[in-house]
Protein chains: 2
Amino acid sequence: MKLYSKHSRYLVAVDCIIFGYDIFDKEIKLLLVKRSFEPAKGKWSLEGGFVEESESLDEAAHRILRNLTGLDIIYLKQSYSYGEINRDPGARVISVAYFALIPIMDINKELAEQNGAQWRSIARLPDLIFDHSEMVKKSLTDLQNQIKIKPIGFELLPEKFTLVQLQDLYEAIYQRKVDKRNFRKKILSMEILEKLDEKERETSKKGAFYYKFNKDRYEILKQNGFYFNLDVN
Amino acid sequence: MKLYSKHSRYLVAVDCIIFGYDIFDKEIKLLLVKRSFEPAKGKWSLEGGFVEESESLDEAAHRILRNLTGLDIIYLKQSYSYGEINRDPGARVISVAYFALIPIMDINKELAEQNGAQWRSIARLPDLIFDHSEMVKKSLTDLQNQIKIKPIGFELLPEKFTLVQLQDLYEAIYQRKVDKRNFRKKILSMEILEKLDEKERETSKKGAFYYKFNKDRYEILKQNGFYFNLDVN
DNA sequence: CCAAAAGTGTTCGAATTACACCCATGA
DNA sequence: TCATGGGTGTAATTCGAACACTTTTGG
């Protein structure tokens, strides 16, 4: 005899809020898809999918993300679960939202295109199906709060980046200007960035030195009680 | 024809991590129950229940908490969802954990007793079923982090409390001593506490003034950009 | 009158803010 | 040579940490 048999069962989905950052137009973007099935076919949506019997929630999120982007090792964390009765008009679906950060250039473009995915600026989002706008709103707030206290900004940048690019990213997320000297002083004083010999030369004549994030060093510092903080004026 | 019909459905449960604070023995406690059904009947467990078709996740959490404690208006927030395949040996169950704070004296004692519930110090927790220890651990970390930056400590205290009691609560959660003068200076400077004329006279001859949290005032300050912070040495 | 808990200020160092000019280079 | 964006330091202020004695009163 099956246990718990008198209780109802539900469809469980995972929806991914996938953030990217465009270093050229200096905007935070979301990877959105045109939904390919009913209900709401053809409407803009977060990428999602139903949880299979053979996988955990985390595994489902990874599968969904991998299928859309071709990427496997990415920043992906559970965000929040949505369980209003009629949130999906097709059936009762409980959806677990996942929050992903990826370097915008790293996605497999063909794969994304096949799936009808596009990067859309968060400043000009289309209407999204169901409660997806709410999911995005919550995730954006989380991003703004987390980036102050965790070194997750680097997940949105290429491996090599300039301090100007890093600052532009923070300004895009905070939606305000920050003081250049104070920003640099603070990030450099943490000693978690490695200055490279190479310069980025597309955007200026002088060129700007590339840096990269030293994750190992960060982990060691963290073990010793260090707290990342880039909540600068 | 039903939409999404080819996908599997799952039992969805809500489990409540219910924190209380005992002002006498100065310990954080959890309201635990002895499980009354198989599997793991008789083992210690978080209070939980399956989500009904007629209710959202939040509503299920409220129902479960109300049934156990008799309390309706309490601090209750979604925490995290747990979806490992074999986390519950009875069946595949996806569980959404909820985090509750209640003044320990406010529960309906008969109701709690009927349900086999007891307050247990987090310093001496029994073994818990399934992944409930993991849920507790995460919630405790969340509590430690949240109480620094949100005025949620008051949810664990009676309406009237002394500054000593408030400080003891913080020390119990932080698991370390804090400086009395700095603590008082900081909390009083926020101007969100109201000093009452009445004194608490059980624990000292001199007596300590009662205070109460002025939630309305806090909300106004927050609207004006104020951030609660009680991350004191 | 004394033990026990409540209550109270000041000083020092660190961190945060505000702020403006020089540098390097390609066109 | 000059326009463009990259890079740098200091002073003033605020905030956090450390620290010890006085007050009250019931027994």
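Just the heavy atoms: all of them, side chains too, but no hydrogens, waters or symmetry mates, feed the values below. Below, chains carry the letters A, B, ... as their sequence lines are ordered, and counting in each starts from 1.
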Is it the case that A:D58 and A:Y98 place a side-chain donor and acceptor less than 3.5 Å from each other?
->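 Their side chains do contain a donor-acceptor pair, which is all the 3.5 Å distance test asks for.
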Ignoring hydrogens and angles, state whether a donor on the side chain of A:Q223 or A:E219 is under 3.5 Å from an acceptor on the partner side chain.
-> no
Short N-O contact, A:E171 and A:K26, less than 4.0 angstrom |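 Here A:E171 does not pair with A:K26 in a salt bridge, since their nearest N and O are not under 4.0 Å apart.
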Protein-nucleotide distance ([X], atom [atom1]; [N], atom [atom2]), rounded to Å:
X: A:R201; N: D:dT4; atom1: CZ; atom2: C1'; result: 14 Å
X: A:L163; N: D:dG5; atom1: CG; atom2: P; result: 17 Å
X: A:L230; N: C:dA15; atom1: CG; atom2: P; result: 15 Å
X: A:L193; N: D:dG7; atom1: CG; atom2: P; result: 13 Å
X: B:D179; N: C:dG9; atom1: CG; atom2: P; result: 15 Å
X: A:F209; N: C:dT25; atom1: CZ; atom2: P; result: 9 Å
X: B:R184; N: D:dC19; atom1: CZ; atom2: C1'; result: 16 Å
X: B:K26; N: C:dA5; atom1: NZ; atom2: C1'; result: 10 Å

Students often get this wrong, so: under 4.0 angstrom with heavy atoms, is [X] touching a base, only sugar-phosphate, or nothing?
X: B:K180; answer: base
X: A:T203; answer: sugar-phosphate
X: B:N182; answer: base

Distance check: side-chain N/O of B:K185 vs OP1/OP2 of C:dT8, anything under 4.0 Å?
->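 Answer is no, no contact under 4.0 Å.
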Does A:R181 put a side-chain nitrogen or oxygen below 4.0 Å from OP1 or OP2 of D:dG7?
->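 Indeed not, no polar side-chain atom of A:R181 lies that close.
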Among D:dG6, C:dT8, D:dG26, the one nearest any side-chain atom of A:A208 is D:dG6
Quick one: the side chain of A:K206 and the base of C:dA24, do they pair up donor-acceptor inside 3.5 Å?
-> no
Can a cation-pi geometry be assigned to B:K150 and B:F228, taking NZ or CZ under 6.0 Å from the six-membered ring centre and within 45° of the ring axis?
-> no
Of A:N233 and B:G207, whose nearest nucleotide on DNA chain C comes first from the 5' end?
-> B:G207
Could you pick out which residue, A:K205 or A:K186, lies toward the 5' side of DNA chain C when each is mapped onto its nearest nucleotide?
-> A:K186
Please tell me which of A:E200 and B:N229 maps to the more 5' nucleotide of DNA chain D, matching each residue to the nucleotide holding its nearest heavy atom.
-> A:E200
Do B:F161 and B:F154 have ring centroids that are under 6.0 Å from one another?
-> yes
